[in-house]
2 protein chains.
Amino acid sequence: MDVNKVRNTVIFNGMTDGEIEAALKGLKASEKKYEKGEAIFLAGDTTSRMGLVLSGSVTIESNDVWGNRMILSHVEEGGFFAETYGLLGDEIMLVDVIANEDSEILFLTVKNLTSKVSDEGTWVIKAVSNLLSISAQKNLMLSGRSFHTSPKTIRDRVMSYLNSLYIKQKSREIVIPFDRQQLADYLNVERTALSKELGKMRDDGLISFKKNRFTIEET
Amino acid sequence: MDVNKVRNTVIFNGMTDGEIEAALKGLKASEKKYEKGEAIFLAGDTTSRMGLVLSGSVTIESNDVWGNRMILSHVEEGGFFAETYGLLGDEIMLVDVIANEDSEILFLTVKNLTSKVSDEGTWVIKAVSNLLSISAQKNLMLSGRSFHTSPKTIRDRVMSYLNSLYIKQKSREIVIPFDRQQLADYLNVERTALSKELGKMRDDGLISFKKNRFTIEET
DNA sequence: GAAAGTACGTGGTTATTACCACCAAATGAA
DNA sequence: TTCATTTGGTGGTAATAACCACGTACTTTC
C-alpha cells in the first residue's frame, strides 16, 4: 500500500507518514479491485472492516424481499463506507454496497479498535473509545429510523421495516419489539391509519400477522 | 465527586476507580443542581461540555420562533445528553435541555478530547479519535434531518427547517444552501407541493422569499 | 441574441393519510 | 367473576400531499 493514496483521507488525519504506515499494518489494510456491478458487501453480511474508496465509486443500495431496489447514496473516491458496521463488528448490514464502476477498495479492520485500545490505554483513550462506541450505536439507530421513514406511503414504510427485520432475523416469521402505537410512532404515521394499511396488506396477500408476530408471505 | 455515582455509566466503562478519578479531573467534572423547569442548555448555545444525569431527569425540547413547543426525548438517571455538541464544541444547539424535575447534572468537558489526544498518542489513538469526529459529525447530520422530516405536514417541516437556520444564523433573513428540488428532497416531500406550500405560507404572512433567500416575518 | 435547458410556480385530479368516533377483544386488578 | 383499562381495528370525513401537465422566467451556450 502506498501512503500517498490515503494521506488525505480523514481517517489518517494528523498522522505522520510513519504512523500511517504503522496504522495500515495495524488495521490489516488490504486492497481489492472490483468490477462495475460487483458486490462489495451484501445485506445480511457482518463485517469487521470498513471500506475506503481508492479509485472509482460505489453505491449503497437496498434491495428488499419484494424486489424493490432503492439507491441510498454514492461514495466517491476518498470516501468511505460501512465504518459503523465495521466498528461495531457484529451488526448485520441492511444494505448492499455495489461497485458503481471499476473500483479499488481498501479494507481496514476497525473492529476491536476500541476494545483493543481499552486494555492498554490511559483514561483518555478509554473515554474516547467509549464515546466512539456510543456514537456509532446512535448512528446506527438514527440511520435505521431515517431509512424506514423516508418512503412516502405507510405501506412502503412497513415493508422497509419488515424487510430489515427479515434480513436480521433471517426468517419470514418476524417478531417485532413494538406494539401498534409504538410502531406507528417509529414509522411516523398515525396508529389507526397503520392498522388499516396492515389490514390491506394482509388482504393483498403480502403479509399475515397476529399481535406483534408478522409473517412475510411467499409471492 | 464520588466515583460510585458514575462507575456504572457507559462513558467510564472499563476504567479502574483510579482511572475514573483521573478522568473526572481531566474532564473537569463539575456538578450542578437544577430545579424543575430550569434550563440546562438553550437553543443557540454552544457547549464544550456534555451532561450526565446523576439524579432526576431532563427533557430535550424544541421551541420555535412561532411559539410551538415539542418534546423530543427524555433522559433518565445515568443517561447523558449533548455529547455530540460537546465533542464538536462549536456546533450551535438547536434544542433546549430542561430539568424535568429537581436534578443533579455532572458536566464533563469533552471538547478537544479528540484533538488533545491527537498530539501525543499513537496511530491507534489518532485513528479512534478521527473516527469519533467523523461519527459525531454524521450523527449531527442524521439527527438534524430526522428532526426536520418528523413533522407530518410540509408546512411544519419547512418551519422546523427554517427555525433551525434562524437559530444558527441568528437572523430572520435566511440563506438556504438548497435549491427547491434539493430542499424538497431534504424534507422528503414533492417539489411542486413544496412550492405550493411556500406560496401559501407567504400568503399567510409567515415568510417571504426570493429564490434561496427567506425571511421570517414578524408576527 | 436565438435556442436550449434549467428552475420555479400553478391548476387540477387523485391517492393517501390524519383525525374522530366508536367497537371488540384482550388484559389485569379487586 | 366483574369491572376497568389497554390494545387493536373499522368506518367515515376532511385535510393534505403526490402526481401530471403546463407556463414563465431566468441561464447557459454557441
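Each chain gets a letter, A, B and so on, in the order the sequences are listed, and its residues count up from 1.
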Tell me: [atom1] of [X] to [atom2] of [N], nearest whole Å?
X         : N       : atom1 : atom2 : answer
Arg202(A) : dT10(D) : CZ    : P     : 7 Å
Glu197(B) : dC8(C)  : CD    : C1'   : 16 Å
Asn212(B) : dG9(C)  : CG    : P     : 11 Å
Leu183(B) : dG9(C)  : CG    : C1'   : 14 Å
Asp185(B) : dA7(C)  : CG    : P     : 12 Å
Asp179(A) : dG9(D)  : CG    : P     : 11 Å
Asn188(B) : dT16(D) : CG    : P     : 18 Å
Ile154(A) : dT16(C) : CD1   : P     : 10 Å

Handout entry: Most 5' of Thr192(A) and Lys200(B) on DNA chain D, judged by nearest nucleotide
Key = Thr192(A)
Problem - Carboxylate-amine/guanidinium proximity below 4.0 Å for Glu38(B) and Lys32(B) - result: no
Problem - Ionic contact status for Lys33(A) with Asp102(A), cut-off 4.0 Å - result: no
Exercise for the section: Please examine the side chains of Ile40(A) and Phe81(A), heavy atoms only from C-beta on, and report whether any two atoms are closer than 4.5 Å. Expected result: yes
Exercise for the section: Would you mind reporting whether Val3(A) and Phe12(A) have side-chain heavy atoms less than 4.5 Å apart? Expected result: no
Out of [options], which nucleotide sits closest to the side chain of [X]?
X         : options                  : value
Ser195(A) : dA18(C), dG9(D), dA18(D) : dG9(D)
Thr153(B) : dG9(D), dC19(D), dA17(D) : dA17(D)
Phe209(A) : dC8(C), dA18(C), dG9(D)  : dG9(D)

Problem - Pairwise 5' ranking along DNA chain C for Lys210(A) and Lys152(B), keeping only the more 5' one - result: Lys152(B)
Exercise for the section: Measure the acute angle between the ring planes of Tyr186(A) and His148(A), then classify it against the limits of 30° and 60° as parallel, tilted or perpendicular. Expected result: tilted
Practice task
May I ask you to verify whether the side chain of Arg191(B) and the base of dG9(C) hold a donor-acceptor pair under 3.5 Å?
Solution key: yes
Exercise for the section: Establish whether the base of dG12(D) is bridged to the side chain of Lys196(A) by a donor-acceptor pair shorter than 3.5 Å. Expected result: yes
